[in-house]
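Structure first, then comments.
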Amino acid sequence: MKEQIASLFEAVLDQWMAKGQLTEQARRPVHVEATRDPAHGDFATNVALLHAKAMGVTPRQLGEQLITELAPHPLIVGIEIAGPGFINLRLRADALFEPITTCIAEGSRYGRGATTGRKVQVEYVSANPTGPLHVGHGRGAAYGATLSNLLSARGHAVETEYYVNDAGRQMSILGASVYIRYLEALGHSLQFPLGGYQGSYIQDLAAELIHTHSDALARPIDDLTRTLVSDGEDTKDAHIDGWIQSIKSTLGADWHIPFDLALTRILDDIRDDLTEFSVTFSHWFSEASLVNTGAIDAAIAQLDAGGHLYRNEGALWFRSTAYGDDKDRVVQRDNGEYTYFASDIAYIANKFSRGYDELIYVWGADHHGYITRVKAAASALGYDPDRLTIRLVQFAILYRGGERVQMSTRSGSFVTLRELREEVGVDACRYFYVMRKADQHLDFDLDLATSQSKDNPVYYIQYAHARICRVFEGLQDQPPFDLQRGLANLALLEGQEVLDIAQRLGQFKETIERAADSLEPHLLCYYLQDLAGDFHRWYNGTRLLVDDISQRDARLTLAQAVRQVLANGLTLLGVSAPEAM
RNA sequence: GCGCCUGUAGCUCAACCGGAUAGAGCAACGGCCUUCUAAGCCGUAGGUUGCAGGUUCGAUUCCUGCCAGGCGUGCCA
């Protein structure tokens, strides 16, 4: 409907341009919006305000001219100029019910856009597989998944990806941690390194290693520790690196046994964890594959050929300052090892080579400093950095009993995503994570999320859905519901509440578009809360199952449309739409 | 120091790429259940949108400066 109205105005602007009254430069797109105040009619546009100055008349004068030249439309029954120059339009009552009809016709597809042909990749979570996901990863997971759903509903071809950091130093530390725990469990006396992974899951993995390999992997402790520097707050990095080196050289090919065990088990755990959270990926991309296929060498060679690299103090540097970075970045250390950033560069090249129109990265807010260098790398590789979008997700702060829950990875006292899910449930968890703008801190109130009370916004929406389901259950003793009869009698619907609902239903699609285009899923949360509120208000004052069959079915048709949109919206959020509560 | 983000009701947050009287929820107060779930609804109260300028018909929104808070600023990953 909006599009129809807008095109009427566009046609007038076209005429003006043809007659030379309006220049290309001064022309603005026509924006039609649903009014907030019923006194302003049903729809309004500010075209007159936008073009008045360029055309040398007052907005109200231009409005008058627009109205007289506007082609008549059978559904527009009122048109007037108001305020500083808004044009308010009033539609025939049955036209306002159009969203109901469309919603019923399209069902679960209602709200989805036509295929855009745009290919988008969303990479998110991508947590190091060195331990279970914690609550910080949870927000990125919920945000990325919901965003992907929205982009898909928007009509884009969406692929999702988890980048597995299975090649870096952190993974070596993980493998070493498991191996040291393994030695410990076999009775060797040693001090577990400060720089190792402390969590109890490491001991579990060591126990599994004993189960499968007995003591076959054990080596004399003195051989392993001979060259180690002492462990301490200042030397823990050197200490654990020493361990890694001695374990690798002593174990030789057997090193991959504890390493692969740890990687496989933890990655499986992460995958299960996310699946239970309704978060799945099209691809799991291995960083190690970039190493093995020579992709890193190739990418670095490409940068070198382009003159973007130089040597300094033995290291190889990328001149990212040429693209606005604060300082140049090392891609290869003086010891010959590539940095993590080198993998990132190869990964960027790999992604672009797969033909996506847009690459979206979802990162934790602590990665803020990496945006510039990654975009710089994309530019230096010859790609358009604007096709690469990076969204930062701020951390969630948990509150329990009004107190902030302290979390520390080091002490192992962090809250895992799994624990959070089990405490508050997937539905509340998914909803709470995305209900706020991603780049803002999120106060996650555990008490509120777990409370089965009216204060809990996710229940408010689900309750509206369940209520509608209950009404339909009440039909059992009555003549069956006839959808066609309902659609034919929509004109019997009365009251401002009904108009509000119909208007809201009509905004579902544009809400999805807006949320997808701005990468802000929280808009959908607010929309669903508003729609649920519209419904509760109507329901409270209107009995649906009345004796008059025509009236009854008209009301049930409206209820059905609301239920459909609530279900469609909740599905996009990864939240269930319960039939009973 | 530099860079980015954020300042809106007592609290947590909205405000449709500049629009009409800045909106919800919670907290406070007062009402509504013999009728489809009261996990609901209605009403009252609550604001100089951090401060000061600028741009314009119009600014919470855009620009500048200041104030306050957060994050980032490793040959770490």
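Keep in mind that this is a model prediction, so the values were computed, not measured. Proteins come first, then strands; the chains are lettered A, B, ... in the order of their sequence lines, and each starts at number 1.
- Among the heavy atoms of the strands lying under 4.0 Å from A:Ala44 is at least one base atom, whether or not backbone atoms are also near.
- In this structure, B:C67 shows a glycosidic angle more than 90 degrees from zero, which is the anti conformation.
- Separating the CE atom of A:Met581 from the C1' atom of B:A39 is a distance of 6 Å, rounded to the nearest angstrom.
- Nucleotide B:G74 forms a pair with no other nucleotide shown, judged by Watson-Crick or G-U wobble geometry with both contacts under 3.5 Å.
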- Note on the structure: Per-nt protein contacts along nucleotides 8-14 of chain B (heavy atom under 4.0 Å; B base, S backbone sugar-phosphate only, - none) come out as ----BSS
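- Listed by chain and number, the residues in a side-chain contact (heavy atoms from CB on, under 4.5 Å) with A:Asp231 are A:Pro193, A:Leu194, A:Lys236, A:His239 (sequence neighbours excluded).
- As rounded to the nearest Å, B:A15 and B:U8 have C1' atoms that lie 10 Å from one another.
- The separation between A:Asp241 atom CG and B:C75 atom P is 15 Å, rounded to whole Å.
- Taken residue by residue, residues 531-544 of chain A places heavy atoms nearer than 4.0 Å to RNA chain B at A:His536, A:Arg537, A:Tyr539, A:Asn540, A:Thr542, A:Arg543, A:Leu544.
- Ring pair A:Phe481/A:Phe472 is perpendicular by interplanar angle, where above 60° counts as perpendicular and below 30° as parallel.
- Using bins of under 30°, 30° to 60° and over 60° for the plane-to-plane angle, the ring pair A:Phe318/A:His308 lands in the perpendicular bin.
- Pair check for B:U48 finds none; no Watson-Crick or G-U wobble contact set falls under 3.5 Å.
- Put simply, CD on A:Gln560 is 16 Å from C1' on B:C36, counting in whole angstrom units.
- B:C5 and B:C11 are spaced 25 Å apart, taking the P atom of each and rounding to whole Å.
- Straight-line distance between the C1' atoms of B:U6 and B:U49: roughly 14 Å, to the nearest whole Å.
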- Apply the test side-chain contact (heavy atoms from CB on, under 4.5 Å) to residues A:Leu545 and A:Leu556: give CA-CA distance (whole Å), side-chain angles for both, the deciding distance (0.1 Å), then the verdict. CA-CA 8 Å; A:Leu545 299 180; A:Leu556 287 176; 4.1 Å; yes
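- Between A:Phe535 and A:Trp538, the ring planes lie perpendicular to each other; the angle is over 60°, past the 30° to 60° tilted range.
- Under 4.0 angstrom from either OP1 or OP2 of B:A38 there lies no side-chain N or O belonging to A:Tyr459.
- In this structure, A:Asp477 reaches neither bases nor backbone, as no heavy-atom distance under 4.0 Å exists between it and the strands shown.
- Counting to the nearest Å, the P atom of B:C41 and the CD atom of A:Gln529 are 11 Å from each other.
- Scanning both residues, A:Arg537 and A:Asp534, for their nearest heavy atoms gives NH2-OD1, 3.2 Å.
- When all heavy atoms are compared, the tightest approach of A:Pro457 to A:Met435 is CG-CE, 3.9 Å.
- Looking at heavy-atom distances under 4.0 Å, A:Ala52 makes no contact with the nucleic acid at all.
- Picking from B:C76, B:C36, B:G40 the nucleotide with the shortest atom distance to the side chain of A:Arg467 gives B:G40.
- B:G40: Watson-Crick or G-U partner is B:C32, with both key distances under 3.5 Å.
- On the P atoms, B:U60 is 40 Å away from B:G74, given to the nearest whole Å.
- The nucleotide B:A59 finds no pairing partner, because no Watson-Crick or G-U wobble arrangement with both distances shorter than 3.5 Å includes it.
- Going from the C1' atom of B:G69 to that of B:G50 covers 11 Å, rounded to whole Å.
- Taking atom NE2 of residue A:His368 and atom P of nucleotide B:G74, one finds them 13 Å apart after rounding to whole Å.
- Crowding of A:Glu510 atom CD: a count of heavy atoms from other residues, nucleotides or ligands under 6.0 Å exceeding 12.
- Residue A:His367 is in base contact, counting any heavy-atom pair closer than 4.0 Å across all strands shown.
- Atom CZ of A:Arg373 and atom P of B:G74 are 8 Å apart (whole Å).
- The stretch residues 311-336 of chain A comes close to RNA chain B through A:Asn312, A:Glu313, A:Ala315, A:Trp317, A:Lys327, A:Val330, A:Arg333, A:Asp334, each having a heavy atom under 4.0 Å from the strand.
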Donor-acceptor pairs under 3.5 angstrom involving side-chain atoms of residues 46-56 of chain A: please list them, not counting sequence neighbours.
residue : atom : partner : partner atom : Å
A:His51 : ND1  : A:Val47 : O            : 2.9
A:His51 : NE2  : A:Arg28 : N            : 2.9

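- Mapped onto RNA chain B by nearest heavy atom, A:Phe472 and A:Phe86 fall at different nucleotides, with A:Phe86 at the one closer to the 5' end.
- Using a 3.5 Å distance cut-off with no hydrogens or angles, the side chains of A:Asp297 and A:Tyr338 do pair a donor with an acceptor.
- For A:Tyr527 and A:Phe508, the distance between ring centers is under 6.0 angstrom.
- A side-chain donor-acceptor contact under 3.5 Å links A:Glu161 and A:Tyr347.
- For the 3.5 Å distance criterion, the side chains of A:Ser343 and A:Glu287 qualify, holding a donor opposite an acceptor.
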Please write out the pairs of protein N or O atoms and N or O atoms of nucleotides 57-61 of chain B separated by less than 3.5 Å, giving the distance to one decimal.
residue : atom : partner : partner atom : Å
B:C57   : OP1  : A:Lys53 : NZ           : 3.3

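- Rounded to whole Å, the P atom of B:C62 lies 29 Å from the corresponding atom of B:G46.
- For the pair A:Asp500 CG and B:C41 P, the computed distance is 14 Å after rounding to whole Å.
- To the nearest angstrom, P of B:G25 lies 18 Å from CG of A:Asp445.
- When the C1' atom is compared between B:C63 and B:G72, the two are found 25 Å apart, to the nearest whole Å.
- Between the side chains of A:Asn165 and A:Gln170, not a single donor N or O lies within less than 3.5 Å of an accepting N or O.
- Between A:Ala580 and A:Asp530, the residue anchored closer to the 5' end of RNA chain B is A:Asp530, taking for each the nucleotide with the nearest heavy atom.
- Taking atom C1' in both B:C51 and B:A59, one finds a spacing of 16 Å when rounded to whole Å.
- Side-chain contact annotation: A:Arg436 with A:Gln394, donor-acceptor N/O pair under 3.5 Å absent.
- A:Thr321 and A:Asp328 are linked by a side-chain donor-acceptor pair at a separation below 3.5 angstrom, with hydrogens and angles left out of the test.
- Checking B:C16, B:C5, B:A39 against the side-chain heavy atoms of A:Arg514 singles out B:C16 as nearest.
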- salt bridge (Lys or Arg N to Asp or Glu O under 4.0 Å) evaluation trace for A:Asp237 with A:Arg169: CA-CA 11 Å; A:Asp237 283 342; A:Arg169 175 168 170 265; 3.6 Å; yes
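- In this entry B:C13 has B:G23 as its Watson-Crick or G-U wobble partner, both defining distances falling under 3.5 Å.
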